Amino acid sequence: MTLLDDRVELFTTRLRGSMGRWWLLCATIVVALRVPFLGVPLGIDEGGDSFVARAWGTTEGSMYGNSWLDRPPLLVMVYKLGVLGGDIGVRLLGLAAALLLVAGTMAIAHSISGSHAARVTGVITAVMTSSVVLGAVFTDNELLATVPATLSILMLVRARDAVEPRVWLFASGFLATCALLIKQSFGEALVAGAVFLAVSWVTRVGSGFRSRWVTWWVIGTAAPVAITFAWFEAYSVGAQRFVYAIAGFRVDSLNQLHASPHGAGYMLMHLGLPIAIASGCLFLVPWSVSWLLRHRADPRLVLPLAAWLAVGFVGVAGGGNYYPHYFIQPLAALAVLTGCALAVTTRRRLFAATAGLLAVLAVGNVAVGATLKSVNPPQQRTLAVADYLRSNAETDDSLYVLYARANLLYYAQMRTPYPYSWSQMVRTVPDAEARLRTMLRSGTERPTWIVEWQPATLFGMDSSGETRRLVARHYVQTGEICDKPILIRKDEADRDLVPAPDVKCATLNLPKKLGPNNSRSPEDSADYLWQ
């Protein structure tokens, strides 16, 4: 080994050590911003996914046993691991995802722009992926799916610099499909991979493109799908039900949302845009675009990264209903591109302004979240009703929440005979309302308890009044907690019950301009921010 080799190795070791220490600093920021909210009860999606995951494998019926879920199986598998540790276990999943995301974005930035860009990117990622405004301090589907999507992009960047990129391309394709199998809107890594291969083919004289690159990438993308369908075959799930759950239902749901009085455009302007501004996402877009334009002479790098960013925003916009956590999807791309742009900018005032914005977001999010926790405690209604149900439940009791409150099922710790635990499912799945009435007519399938979380006429449903008549015929009210009536089957009403506590749940009304009332859950509370 020559003296030059020794110096190169020493420099590389120091650089890795420096990046490792910086990642630890960013990890400290992540932990510090998330710790105040680790004990916050699980939100609707978190609790609902945990409920499905906890029961998965113990019941028979649809793809996930007795529950129907419009999400791919890898998400439920990840939650299955989280629920082993209860609420904290689920929260730690989100913490682990945020830490991995910091590492992934730093590695991408380091590969394309150097160590300074990696440091800036790490800080941006740490702050933005621990945002209360975006719900990123919780364990949302988007946060979990962003990790394999980001690592897929990292593999593409490594493939660009590799002499023989086959392994990197296989890994990129594999991880891109894994992101889709967590949340089906995460197609950006898949598109970025296709763009990378297309550009490499166009510039094949300089890139050294070989047809086997495509083969390895396709094998990588197909492998998780093959595993999934093998599981379907082994457990007789049926591919048709899977395709409807992750694709057909999405189409039907979008059609239903577009047909509502407030369409997707209205929701985007009144919900999506305020969230994008308040979270700081919108202010990172100009930096990202400026970096892409400055490096447009390198299409094998710029075009896949541009696809990563653009398709991420398309995934948000295509949802039709814009909850805060949806905007987690493009965060990694924004962090990387903004970090690379800030690392080389000569506009010190803009750099200082952006740094100041990040500092305000870091401190402000914790302050806003802590204030909301005290004024309008998260999931207070859900926990109060769940405590009452657990106090009065017997071993074989079952529960239905009309029309939905998925995390109440999780906290009540009872089975449900009805597979649709989100209101959008009841509104969208063709036979959902008829199936509900069939259940209420059946003496054997009828649940022991019903919580009328939403009125039966919400969203224009129960126009005939049949659902209300069936409930009135077979149930009697045992109490009301925080304006939520709790009912029990008439043939079970003679049991001794613990009286419903006199709970007064605090409410923080949201401004009327913040979207239509029927987009909130519940519509009169800041629980909208605790999704």
Side-chain angles (χ1 to χ4, degrees), residues 41-44 47-48 50-51 54-55 66-67 376-423 425-426 433 435-437 439-459 461-462 465-507 520-525 527 530:
L42 302 184
I44 297 172
S50 297
F51 173 76
R54 187 172 61 190
N66 191 50
S67 297
N376 183 208
Q379 311 303 334
Q380 53 183 328
R381 293 163 178 76
T382 299
L383 296 180
V385 174
D387 286 343
Y388 171 77
L389 290 170
R390 288 198 308 271
S391 298
N392 289 292
E394 296 182 357
T395 303
D396 295 328
D397 281 5
S398 55
L399 169 66
Y400 170 63
V401 184
L402 193 154
Y403 280 100
R405 188 70 175 183
N407 57 341
L408 176 55
L409 295 171
Y410 171 80
Y411 281 111
Q413 298 177 6
M414 277 189 271
R415 65 181 181 87
T416 179
Y418 190 63
Y420 307 114
S421 301
W422 279 261
S423 59
M425 297 175 183
V426 187
E433 196 168 6
R435 189 166 178 173
L436 168 61
R437 291 166 178 169
M439 177 189 70
L440 293 174
R441 292 189 195 100
S442 171
T444 56
E445 293 297 320
R446 191 182 304 134
T448 312
W449 300 89
I450 287 180
V451 177
E452 292 185 326
W453 197 273
Q454 297 162 329
T457 54
L458 191 67
F459 308 121
M461 291 193 288
D462 195 31
E466 186 176 356
T467 300
R468 281 167 285 170
R469 288 193 293 270
L470 287 168
V471 171
R473 185 182 307 157
H474 298 294
Y475 289 85
V476 61
Q477 184 170 326
T478 65
E480 183 175 287
I481 299 177
C482 297
D483 301 323
K484 306 300 179 185
I486 303 171
L487 299 84
I488 192 171
R489 286 175 56 143
K490 287 183 177 179
D491 55 359
E492 295 280 351
D494 59 349
R495 67 171 69 173
D496 293 330
L497 299 174
V498 175
D502 184 18
V503 179
K504 296 187 182 298
C505 288
T507 297
R520 305 176 192 164
S521 182
E523 65 274 11
D524 61 346
S525 168
D527 269 6
W530 300 113

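This one's a predicted model, so the numbers in the text were calculated from it and none came from an experiment. Counting from 1, the numbers follow the sequence of the chain as shown.
In plain terms, the two heavy atoms of M414 and D397 that are nearest each other are SD-CB, 3.6 Å. Here the shortest heavy-atom pairing between A393 and W449 reads CA-NE1, 4.4 Å. Taking every heavy atom of both residues into account, M439 and P417 meet most closely at SD-CG, 3.6 Å. Between V498 and Y388, the shortest heavy-atom contact is O-CE1, 3.0 Å. Nearest heavy atom pair, residue A404 against residue S423, reads CB-N, 3.2 Å. In terms of heavy atoms, R441 sits closest to R446 at O-NH2, 3.0 Å.
Within the 3.5 Å criterion, the main-chain N or O of Y475 finds no donor-acceptor partner in the side chain of R489. D462 contributes a side-chain N or O that, together with a main-chain N or O of R468, makes up a donor-acceptor pair within less than 3.5 Å. With R405 contributing its side chain and Q454 its backbone, the two residues share no donor-acceptor pair below 3.5 Å. A donor-acceptor contact shorter than 3.5 Å links the side chain of K484 to the backbone of W453. Between the side chain of T382 and the backbone N or O of L408 there is no donor-acceptor pair closer than 3.5 Å. With hydrogens and angles disregarded, a donor-acceptor distance shorter than 3.5 Å links the side chain of R495 to the backbone of N392. Between the R415 side chain and the L399 main chain, no donor and acceptor come within less than 3.5 Å of each other. Proximity of a side-chain donor or acceptor of R390 to a complementary backbone N or O of Y411 within less than 3.5 Å is detected.
Among residues two or more places apart in sequence or in another chain, the side chain to side chain donor-acceptor pair (under 3.5 Å) test is passed with D494 by none. Partners of Y420 by side chain to side chain donor-acceptor pair (under 3.5 Å), not counting sequence neighbours: none found. Residues forming a side chain to side chain donor-acceptor pair (under 3.5 Å) with Y403 (at least two apart in sequence, or on another chain): none.
Counting heavy atoms from C-beta on, the side chains of L42 and Q379 never come closer than 4.5 Å. In this structure the side chain of L389 reaches within 4.5 angstrom of the side chain of V451, judged on heavy atoms. You'll find the side chain of N407 stays beyond 4.5 Å of the side chain of P41, heavy atoms only. Looking only at side-chain heavy atoms (C-beta outward), F459 and V426 stay at 4.5 Å or farther from each other. In this structure, the side chains of P447 and T416 stay at 4.5 Å or more apart for every pair of heavy atoms. The side-chain heavy atoms of T448 and E394, taken from C-beta on, include no pair separated by under 4.5 Å.
Atom CG of L470 is separated from atom CZ of R437 by 7.5 Å, given to the nearest 0.5 angstrom. Remark: Y400 OH to E445 CD distance equals 14.5 Å, nearest 0.5 Å. Distance check: L409 CG to S50 OG gives 12.0 Å after rounding to the nearest 0.5 Å. The OG atom of S67 sits 5.0 Å away from the CZ atom of F51 when rounded to the nearest 0.5 Å. The distance from atom CD1 of I488 to atom CD of Q477, rounded to the nearest 0.5 Å, is 12.0 Å.
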Q: Step by step, work out the side-chain contact (heavy atoms from CB on, under 4.5 Å) result for I450 and L440.
A: CA-CA 10 Å; I450 287 180; L440 293 174; 3.8 Å; yes
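Within 6.0 Å of atom CG in D491, more than 12 heavy atoms from other residues, nucleotides or ligands are found, so the atom counts as buried in its surroundings.
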